[in-house]
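Structure, as structure tokens:
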Amino acid sequence: MENLNEIVENLGLGQNIEIDEIPNIDLYMDQVIQLFENKYGNTKRYSNEKILTKTMINNYAKGKLFFPIKNKKYSKEHIILISLIYQLKGSLSINDIKMTLEGINEQAESGDVELDSFYQSYLNLYNHAVEDFKQSLPARLTEVKEEVSRLKAVDVEGDGDDEKRDEMLEKTLLISSLVNISNMYRRAAEKLVDELNQPL
């Protein structure tokens, strides 16, 4: 699996809406959708996939995932919250996202927390996570290759197409390993969501 670096580069992991990319003027829904499409469009897995739709935004609003908008326009703070929702929905349920962002919404609406600063901290941690991921992925692949070598040592003789079989085994084991890691992090996040919403 020699194209691992190419796969990582094509993930678009560095893509995020930065603070200075969010206009200081309020935006209509179509403008918000366009902002997200422009930023994340090239990270789609499928060409017909939608990054953000009116229905999604309306559902987030109805579900109270962000504080109410005014005059059908979305402020910089709303866009920050929608960006957080966009990132969180890959692993958390809508209900978990609501519980996670509830305190931030309240603090932002009351002016007790500066959402710009909070979001910048989120972006800083995101960038650190990207670097950690890039550094750990080759180690995962090395572990997978060792397992495939071990399998070859104990396996019966193949049908002559060992290289293709080995690549299939490597990819399948790496997929399984990455999913396991992802599930562990998701479960840890869910536990933290539960703790976040326990009465003090």
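This one's a predicted model, so the numbers in the text were calculated from it and none came from an experiment.
Side-chain contact between Asn105 and Lys64: absent, with no pair of heavy atoms (C-beta onward) separated by less than 4.5 Å. In this structure, Ile181 and Ser177 have side chains that are in contact, with non-hydrogen atoms separated by less than 4.5 Å. Here the side chains of Met29 and Lys72 are not in contact, with every heavy-atom distance at 4.5 Å or above. Contact annotation: the side chain of Leu27 never approaches that of Ile22 to less than 4.5 Å [non-hydrogen atoms, C-beta and beyond]. Counting only heavy atoms from C-beta outward, the side chains of Leu196 and Met99 never approach each other to under 4.5 Å. Residues Lys54 and Asp30 meet the side-chain proximity criterion, which asks for heavy atoms closer than 4.5 Å. Using a 4.5 Å heavy-atom cutoff, the side chains of Leu101 and Leu88 are in contact. Inter-residue side-chain proximity for Phe118 and Leu84 is flagged as met; some heavy-atom pair is nearer than 4.5 Å.
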Open item on the list: Using salt bridge (charged side-chain N to carboxylate O under 4.0 Å, His left out), reason through Glu143 and Arg140 one step at a time and then give a plain yes or no.
Closed with: CA-CA 5 Å; Glu143 292 167 357; Arg140 298 291 79 76; 3.1 Å; yes
Task: Trace of the side chain to side chain contact (heavy atoms under 4.5 Å, CB included) decision for Asp26 with Ile69 - done: CA-CA 10 Å; Asp26 293 354; Ile69 64 168; over 6 Å; no
Task: Worked check of side chain to side chain contact (heavy atoms under 4.5 Å, CB included) between Arg165 and Lys152 - done: CA-CA 10 Å; Arg165 185 196 68 165; Lys152 285 167 66 174; 3.5 Å; yes
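Remark: side-chain polar atoms of Ser149 are paired, donor with acceptor, to backbone N or O of Lys145 under 3.5 angstrom. Using a distance-only test at 3.5 Å, with no hydrogens or angles considered, a donor-acceptor pair links the side chain of Lys39 to the main chain of Asn16.
Using a 30° and 60° split on the angle between ring planes, Phe36 and Tyr86 fall in the perpendicular class, above 60°. Note: Tyr119 and Tyr122 have parallel aromatic rings, judged against thresholds of 30 and 60 degrees for the angle between ring planes.
Here the closest non-hydrogen pair linking Ile85 and Phe66 is CD1-CD2, 4.0 Å. The minimum heavy-atom distance linking Thr53 with Ile33 is given by the pair C-CD1, 3.8 Å. Listed here is the closest heavy atom pair of Pro68 and His78: O-NE2, 3.3 Å.
No more than 12 heavy-atom neighbours from other residues, nucleotides or ligands sit within 6.0 angstrom of OH on Tyr185.
Side-chain contact of Gln120 with Asn124: a donor-acceptor pair under 3.5 Å is present, judged by distance alone. Donor-acceptor pairing under 3.5 Å is recorded for the side chains of Asn38 and Gln34.
Salt-bridge formation is detected for the pair Arg186/Glu190: a Lys NZ or Arg NE/NH1/NH2 atom is positioned less than 4.0 Å from an Asp or Glu carboxylate oxygen. Between Lys171 and Glu167 there is a salt bridge, since a side-chain N of the basic residue sits under 4.0 Å from a carboxylate O of the acidic one.
Note that CD1 of Ile51 is 5.5 Å distant from NZ of Lys44, once rounded to the nearest 0.5 Å. The OG atom of Ser182 lies 13.0 Å from the CD1 atom of Ile175; values are rounded to the nearest 0.5 Å.
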